[in-house]
Number of protein chains: 2
Amino acid sequence: MLKLNPHLSVDCVIFGFDGQNLKALLTKRNIPDPENANKFITDYKLPGDFITDEEDLQTAANRILKELTGLTNIFLKQLWVFGSPRRINKERDINWLRETTGLPIERVVTIAYYSLIKIAESQQENANINNALWIKVEEISELAFDHFEILQRGLKTLRTRLQIEPVGFELLPRQFTLRQLQNLYEVILGRELDNRNFRKKILKAEYLVATDDKEKEVAHKPARLFMFDKDIYEKSEMRDLGFQF
Amino acid sequence: MLKLNPHLSVDCVIFGFDGQNLKALLTKRNIPDPENANKFITDYKLPGDFITDEEDLQTAANRILKELTGLTNIFLKQLWVFGSPRRINKERDINWLRETTGLPIERVVTIAYYSLIKIAESQQENANINNALWIKVEEISELAFDHFEILQRGLKTLRTRLQIEPVGFELLPRQFTLRQLQNLYEVILGRELDNRNFRKKILKAEYLVATDDKEKEVAHKPARLFMFDKDIYEKSEMRDLGFQF
DNA sequence: GCAAAAGTGTTGTTTATACACCCATGT
DNA sequence: ACATGGGTGTATAAACAACACTTTTGC
């Protein structure tokens with residue numbers, strides 16, 4: 001068991017995309033119902049943990065991700081620090097922390113990270129063990145602590161980054177159709193895009209490479225599959241320009 | 001005297017502009033010379049401090065700014081968290097911290113902020129008392145701790161923000177000429193801009209308002225003075241578009 | 001053969017870039 | 001009268017936005 005530092009935590013906004021919806025991986029929490037002594041209320045929080053004194057912040061975030069998804073080596077970036085002295089202010093949140101960690105919780109400063117995951121590659125059994133669930137972002141309305149605020153900031157940052165660097169590929173399978181890519185842009189940006197203009201623009205990026213494969217078993221003209229070539233991207237001049245849809 | 005939390009600090013990258021050069025406000029440090037027992041070496045660090053358990057992070061950063069410049073209510077924004085367990089690794093840095101604070105320093109996670117100041121309004125006597133100096137950013141080559149890295153990130157962020165929101169005005173006097181504004185853009189972006197195109201573009205922003213005043217006592221055609229109107233900016237639709245030079 | 005989504009081009013409008021001369025002031 | 005930086009316009013190229021029909025597959 002790791003020795004945790006009760007002053008500092010890491011919380012992760014973990015985004016995934018199922019082809020249609022943007023989702024976040026949340027962990028379920030059971031807390032005593034203040035009105036019914038023997039009942040419990042279920043609510044949700046962002047995956048997070050205190051850090052140990054020996055580990056890097058990013059390492060702590062990676063540890064959490066590994067536990068929940070089985071994945072390593074995925075997109076993970078610092079988002080924001082939430083450090084208000086009163087950010088943990090609900091009694092049930094304080095109690096829950098004290099009970100589950102056994103630590104003397106007072107003020108906690110949390111460093112939020114956001115991560116982009118290929119849902120299909122994440123191992124569902126890890127999530128189940130840890131009581132985690134993929135939930136559509138649009139359906140999330142409240143969370144424990146200040147986690148809803150953290151999620152909103154994650155969304156805003158994702159939206160901004162998407163227009164600057166090709167982060168979308170982190171959320172798609174290794175091979176994908178342009179329609180999937182466009183759906184992803186649309187759901188993150190929250191508006192429809194003209195599909196001719198979208199293709200014209202995105203295909204100018206040489207790091208988006210066409211494969212010879214096509215969709216199979218679809219009841220319509222099968223779409224060509226594309227891949228993202230990270231090497232080409234890292235060498236390209238477009239790196240700092242990005243797209244503006 | 002405030003009771004400080006030795007796990008968490010705030011460091012500030014404080015930018016200023018003197019009409020020609022981009023500068024940062026650094027604090028001078030005198031540390032014993034390991035080679036000459038009775039001599040001291042001078043080096044520089046970013047202004048920073050540990051936080052108290054009761055104060056917000058931003059409040060701590062504001063406290064530091066107030067001490068050094070006498071200014072309140074200035075542009076101040078979270079930059080990045082530096083949390084490597086080994087980020088304080090030079091012996092002279094550890095010793096200096098222990099001696100000046102009297103605290104048991106082990107690992108320190110620091111939240112970096114960046115701030116934009118009108119140098120002319122900052123009170124030099126406060127800086128003097130605290131051993132602080134404005135130094136040209138281009139002349140800074142090394143700093144204590146990992147502060148050089150923090151400064152570099154501050155610069156990069158400033159460059160990016162400048163193209164997204166009109167932060168430049170925070171660095172200029174209340175009234176300024178378009179030439180001063182262009183100089184500022186040029187020095188931050190690190191390249192020359194065509195002055196006709198610059199004017200055309202920047203004047204499209206309705207929050208840049210012309211005054212009836214002109215430069216005085218200059219040996220050439222006096223330039224018109226402009227002001228930044230924050231109210232108009234906050235109401236304008238351009239807010240999220242910004243400029244692209 | 002029909003339903004369903006893939007894929008493709010053109011035109012008008014806006015925005016970016018490149019470039020050179022006259023103007024108002026102080027000395 | 002001259003030195004200094006302020007201030008202005010136009011033409012060309014590039015990017016963006018709007019818009020509709022044909023193609024390929026499974027059933």
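So you know, we letter chains A, B, ... as the sequences are listed, proteins then strands, and number each from 1.
Contacts classified as ring-ring contact (aromatic ring centres under 6.0 Å, His included) and involving residues 161-182 of chain B (residues at least two apart or in different chains) are given here: B/F169-B/F176, B/F169-B/F228. Note on residues 60-70 of chain B: pairs passing salt bridge (Lys or Arg N to Asp or Glu O under 4.0 Å), not counting sequence neighbours, are B/D49-B/R63, B/E55-B/R63.
Note: CD (A/E192) to P (D/dA17) measures 15 Å, nearest angstrom. The CZ atom of B/F176 sits 21 Å away from the P atom of D/dG5 (whole-angstrom rounding). Atom CZ in A/R191 sits about 11 Å away from atom P in D/dA18, given to the nearest Å. A straight line from CG of A/L193 to C1' of D/dC16 spans 13 Å, rounded to a whole angstrom. Regarding B/K201, its NZ atom lies at a distance of 17 Å from the P atom of C/dT14, rounded to whole Å. Atom CD of A/E215 and atom C1' of D/dT23 are 15 Å apart (whole Å). Taking atom CG on A/L203 and atom C1' on D/dC16, their separation rounds to 16 Å, with Å as the unit.
In this structure, the side chain of A/D18 engages the main chain of A/N21 through a donor-acceptor pair within 3.5 Å. Side-chain N or O atoms of B/D229 include one that pairs as donor or acceptor with a backbone N or O of B/I232 at under 3.5 Å.
Annotation: side chain to side chain donor-acceptor pair (under 3.5 Å) contacts of B/K28 (sequence neighbours excluded): none. For B/N183, the side chain to side chain donor-acceptor pair (under 3.5 Å) test picks out no residue, with sequence neighbours left out. For A/T110, the side chain to side chain donor-acceptor pair (under 3.5 Å) test picks out A/S9, A/D11, with sequence neighbours left out. Here B/K77 pairs with B/F75, B/Y114, B/R161, B/E165 under the side chain to side chain contact (heavy atoms under 4.5 Å, CB included) rule; sequence neighbours left out.
A heavy atom lying under 4.0 Å from DNA chain C marks the following residues of residues 177-190 of chain A, by number: A/R179.
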- line: 5' to 3', nucleotides 18-27 of chain C under a 4.0 Å protein heavy-atom cut-off (B base, S sugar-phosphate only, - none) gives BBB--BBBS-
Check: residues 134-145 of chain B side-chain donor-acceptor pairs under 3.5 Å, at least two apart:
none

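B/R199 comes within 4.0 angstrom of a base, heavy atoms only.
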